[in-house]
Chemist: 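Got a structure here, written out as structure tokens. Questions coming.
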Amino acid sequence: MLAITDEPLDILAVRAAVLDKTCGGVALFEGIVRADDDGTRCVVALEYEAHHSMAIAEFERIARDVHVRFSGARIAMVHRIGRVRVGEPAVVVAVAAAHREQAFLGCRYAIDELKMHAQIWKKEHFSDGSADWRANDA
Amino acid sequence: MLAITDEPLDILAVRAAVLDKTCGGVALFEGIVRADDDGTRCVVALEYEAHHSMAIAEFERIARDVHVRFSGARIAMVHRIGRVRVGEPAVVVAVAAAHREQAFLGCRYAIDELKMHAQIWKKEHFSDGSADWRANDA
Amino acid sequence: MIHLAFFARIAEICGTSERTIALDPAANIAMVWDTLEQEFPALQAMRPSTRAAVNGSLVSFEHRLAADDEVAFLPPVGGG
Amino acid sequence: MIHLAFFARIAEICGTSERTIALDPAANIAMVWDTLEQEFPALQAMRPSTRAAVNGSLVSFEHRLAADDEVAFLPPVGGG
């Protein structure tokens, strides 16, 4: 399951997509919208936009990498687009592997790669009504 | 939520226990019963037993450590006892933090500490009807 | 014709997420961007951080265009 | 009296998960274990890997016991 959706994310569905009888550990990461406060204003929501086909192609590249680098680990990764409110997940990554080391490393690798390379953008909406696009740190 | 239970684990409840508005990432780990095969026989279930009060005291020690070492990260940790079948989680650890680095590190730390120090034991039940206690690697 | 796709802040500046322009036989991506900058001066500040993709693959601004290419202009990413 | 608690393989060998024994005024944990070994020779192989706790705290086998102490014998752990 590699997907971009404008629906709320279903964590159990992402998890279920990676489980099989060979798996001894599942590491799952959720990126959650945080009520970030810069002193004068507070984030109330994030709005995501994606170049759908390029982002999915990047997810597929990451999934292949995870499988090869982390002993056949299986990955599912879903990113939400549109408006996501504080406390809701914007992205869910699940990685299953025979042992926990590979599950943790694969999951961390995947979210790091997604944040650096997937063609997805984020606009911060603040409590004072202002809004601005915000890039990830390089 | 730090608990030992003989009921099937509720992943969403463990996750919900750590979420708050300051949290930007949740790392969750599940240890799943794997159909381990040593060539002649295959694991069909694991049976866990705990020294309840000592195991919970260890969970509390781990939770304090995670909070202090990983920037105030919040943790929930539940381990199942009794018979757990292949494909079911035996333990779920969720760690929420402002940033993903702390969530991943806290979650990994917690499961490693649990496996080394919590007074919990595991018996492997095999497809040929045999069974044996199995310690974690030191 | 060339099909242009704009995203995030670039789409906001251009006031649209897509547009079609006539293909100049000598056109490369830099020339397309320069044309857009003349129309939308706010794009100038974004040039150093903007990447371009043709038909879904990242390319340099020197990349030469062909008929029916889809050119996407991509600001720095912010997913996750 | 001293209350003994057995876990996992140790409980299987002893055939019970708990037992009460009379307190010898000089008793330490090693003495209790030696008594158990005489009754259950299969425990001998487990001694190097077994830890003991008194009232929930890990202690050495030299730890001296007091009335109503709860002594737990703990095989190597296998949680997770």
Side-chain angles (χ1 to χ4, degrees), chain A residues 2-5 9 29-34 36 43 46-62 77-82 84 88-93 107-125 131-138, chain C residues 1-21 28-30 32-33 36-37 39-80:
Chain A
L2 301 171
I4 291 171
T5 174
L9 301 183
F29 177 78
E30 292 175 61
I32 308 269
V33 176
R34 187 177 68 245
D36 222 354
V43 168
L46 297 179
E47 184 185 344
Y48 289 91
E49 182 182 330
H51 186 306
H52 192 280
S53 63
M54 286 186 76
I56 290 291
E58 193 65 23
F59 286 12
E60 289 167 348
R61 193 270 304 168
I62 293 169
M77 187 154 54
V78 183
H79 202 297
R80 189 164 163 195
I81 53 172
V84 187
E88 292 183 327
V91 59
V92 179
V93 181
C107 191
R108 180 65 196 272
Y109 172 84
I111 186 65
D112 287 354
E113 289 290 305
L114 179 153
K115 289 179 81 91
M116 271 191 293
H117 299 300
Q119 296 298 334
I120 300 173
W121 301 274
K122 165 173 61 215
K123 191 176 193 175
E124 295 181 321
H125 289 271
D132 205 2
W133 294 96
R134 167 78 166 268
N136 291 334
D137 299 331
Chain C
M1 304 295 283
I2 298 169
H3 308 278
L4 305 183
F6 308 125
F7 293 90
R9 195 196 301 276
I10 295 175
E12 285 186 353
I13 291 171
C14 295
T16 180
S17 60
E18 49 186 38
R19 162 186 277 196
T20 300
I21 61 170
N28 64 14
I29 292 187
V32 174
W33 181 268
L36 291 168
E37 267 192 13
E39 190 175 351
F40 307 106
L43 287 179
Q44 283 173 28
M46 300 202 61
R47 179 158 179 167
S49 65
T50 296
R51 303 182 76 182
V54 171
N55 305 327
S57 298
L58 293 171
V59 296
S60 77
F61 270 45
E62 285 68 51
H63 183 92
R64 296 285 292 271
L65 296 169
D68 286 324
D69 274 350
E70 286 213 343
V71 181
F73 288 110
L74 312 163
V77 299

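Every chain is numbered from 1 and lettered A, B, ... according to where its sequence line falls, protein lines coming before strand lines.
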Chemist: Side chain from CB out, backbone as N, CA, C, O: work out which of these in A118(A) comes under 4.5 Å of a heavy atom of chain C, or both, or neither.
Modeler: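 Answer is backbone: N, CA, C or O of A118(A) sit under 4.5 Å from chain C.
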Chemist: Heavy-atom distance under 4.5 Å to chain A: side chain of A8(C), backbone, both or neither?
Modeler: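 Contact with chain A is through both the backbone and side chain of A8(C).
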Chemist: Can you list the donor-acceptor atom pairs spanning chain C and chain A that come in under 3.5 angstrom?
Modeler:
from, atom 1, to, atom 2, distance (Å)
A8(C), N, E49(A), OE1, 3.3
A8(C), N, E49(A), OE2, 3.0
R9(C), NH1, D132(A), OD1, 3.2
E12(C), OE1, W133(A), NE1, 3.0
E12(C), OE2, K123(A), NZ, 2.3
E12(C), OE2, W133(A), NE1, 3.2
P75(C), O, W121(A), NE1, 2.8
V77(C), O, N136(A), N, 2.9
G78(C), N, I120(A), O, 2.7
G78(C), O, K122(A), NZ, 3.0
G79(C), N, I120(A), O, 3.3
G79(C), O, N136(A), ND2, 2.8
G80(C), N, H79(A), NE2, 2.8
G80(C), O, Y48(A), OH, 2.9

Chemist: Relative to chain C, which segment of A55(A) carries a heavy atom at a distance below 4.5 Å: side chain, backbone, both, or neither?
Modeler: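 Neither; nothing under 4.5 Å.
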Chemist: Return the minimal non-hydrogen interatomic distance between L58(C) and M54(A), and the atom names on each side.
Modeler: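 Smallest interatomic distance, heavy atoms only, reads CD2-CE, 4.0 Å.
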